[in-house]
Asker: 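Encoded as structure tokens, here's the structure I'll be asking about.
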Amino acid sequence: MKQTLISSFFFFVFVALAVPGCKTLSLPTGAGYTQLCQEYMGRDARRLTDEWGYPGRTFDAADQSKVLVYVETRDEYTLNPLSHSALIEYPPRVDPRSGRTGESVGNVTGQTVTSMDYCITYFEVDKNNKIVRAFWKGDCKSLERKDRQPN
């Protein structure tokens with residue numbers, strides 16, 4: 001009886017540990033961040049500012065569009081690139097030769113650079129206030145959405 005009880009206990013422990021392992025653990029990735037940015041393509045820029053807040057900086061692009069710049073830093077001690085205009089590169093250079101693959105979906109292009117302590121995202125807004133393109137570079141991550149397609 002005692003041996004059956006012990007065997008049953010170990011069986012239930014094994015099942016309890018094995019079943020949760022069947023679900024894939026989902027971690028934030030650069031591809032997920034690209035999906036997140038893609039959700040805003042073709043949408044009014046007011047939706048972006050309602051959800052993300054006001055951008056850290058705006059400037060005019062060459063083709064009569066404006067650019068909204070968002071930066072997220074890891075902590076309060078991280079250098080904010082917006083305070084040093086020399087660090088802003090628009091559009092950011094995505095260099096596949098550097099060994100870091102770029103992410104590109106629709107009108108969103110980005111590159112994960114884990115050594116950067118920040119994520120910088122540029123949204124281009126046309127004269128009708130619609131978001132038409134986005135670029136990002138840095139340590140930008142979000143959960144990938146398997147069940148939703150980009151709008």
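Heavy atoms only: backbone and side chains are in, while hydrogens, waters and symmetry mates are out.
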Asker: Taking all atoms of both residues into account, what is the closest heavy-atom pair of Met41 and Ile131, and its distance?
Answerer: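 It is CE-CG2, 3.4 Å.
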
Asker: Drop me the distance from Tyr40's OH to Thr121's OG1, to the nearest 0.5 angstrom.
Answerer: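 Result: 11.0 Å between the selected atoms.
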
Asker: Are the side chains of Asn129 and Arg46 in touch, meaning some heavy atoms are under 4.5 Å apart?
Answerer: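 SC-SC contact between Asn129 and Arg46 confirmed.
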
Asker: Tyr70 and Cys119: side chain to side chain contact (heavy atoms under 4.5 Å, CB included), yes or no, with the steps?
Answerer: CA-CA 8 Å; Tyr70 289 88; Cys119 169; over 6 Å; no

Asker: If you compare all heavy atoms of Val132 against all heavy atoms of Asn107, which two are closest, and at what distance to 0.1 Å?
Answerer: O-ND2, 3.0 Å

Asker: Evaluate whether atom CD of Glu51 has more than 12 neighbouring non-hydrogen atoms of other residues, nucleotides or ligands under 6.0 angstrom away.
Answerer: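 For Glu51, atom CD is crowded (more than 12 foreign heavy atoms under 6.0 Å).
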
Asker: Crowded around Lys141 NZ? As in, over 12 foreign heavy atoms under 6.0 Å?
Answerer: no

Asker: Would you check, one step at a time, whether the test side chain to side chain contact (heavy atoms under 4.5 Å, CB included) holds for Thr112 with Trp136?
Answerer: CA-CA 8 Å; Thr112 299; Trp136 62 266; 3.4 Å; yes

Asker: Would Tyr118 end up clustered with Val69 when hydrophobic side chains under 4.5 Å apart are linked, directly or stepwise?
Answerer: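 Both belong to a single hydrophobic cluster.
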
Asker: With side chains defined as the heavy atoms from C-beta onward, is the minimum distance between Thr58 and Lys66 less than 4.5 Å?
Answerer: no

Asker: List the atom of Ser65, the atom of Val125, and the distance in Å for their closest heavy-atom pair.
Answerer: CB-O, 3.0 Å

Asker: Working to the nearest 0.5 angstrom, can you tell me the gap between Arg47 CZ and Glu39 CD?
Answerer: 6.5 Å

Asker: Can you name the nearest heavy-atom pair linking Val105 to Gln38, along with the distance?
Answerer: O-OE1, 2.8 Å

Asker: Roughly how far apart are Cys37 SG and Phe135 CZ, rounded to 0.5 Å?
Answerer: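 So the SG of Cys37 and the CZ of Phe135 are separated by 11.5 Å.
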
Asker: Between Tyr33 and Trp52, what is the ring plane arrangement, given parallel below 30°, perpendicular above 60°, and tilted in between?
Answerer: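 Ring orientation of Tyr33 relative to Trp52: tilted.
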
Asker: Determine whether more than 12 heavy atoms belonging to other residues, nucleotides or ligands lie under 6.0 Å from atom CD of Glu144.
Answerer: yes

Asker: Once rounded to the nearest 0.5 Å, what's the spacing between atom CG of Asp44 and atom OG1 of Thr49?
Answerer: 8.0 Å

Asker: I want to check something: taking the side chain as every heavy atom from C-beta on, are Leu143 and Pro28 in contact at a cut-off of under 4.5 Å?
Answerer: yes

Asker: First locate atom OH of Tyr122, then atom NZ of Lys137, and finally report the distance between them rounded to the nearest 0.5 Å.
Answerer: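 It is 9.0 Å, given to the nearest 0.5 Å.
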
Asker: To the nearest 0.5 Å, how far apart are OG1 in Thr73 and CG in Asp117?
Answerer: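 Here the interatomic distance stands at 9.0 Å.
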
Asker: Given side chains that start at C-beta, do those of Leu36 and Arg145 come closer than 4.5 Å, heavy atoms only?
Answerer: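 The answer is yes, as the side chains (C-beta and beyond) meet within the 4.5 Å cut-off.
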
Asker: Test of understanding: with salt bridge (Lys or Arg N to Asp or Glu O under 4.0 Å), list the residues that count as partners of Asp126, not counting sequence neighbours.
Answerer: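 Here no residue qualifies.
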
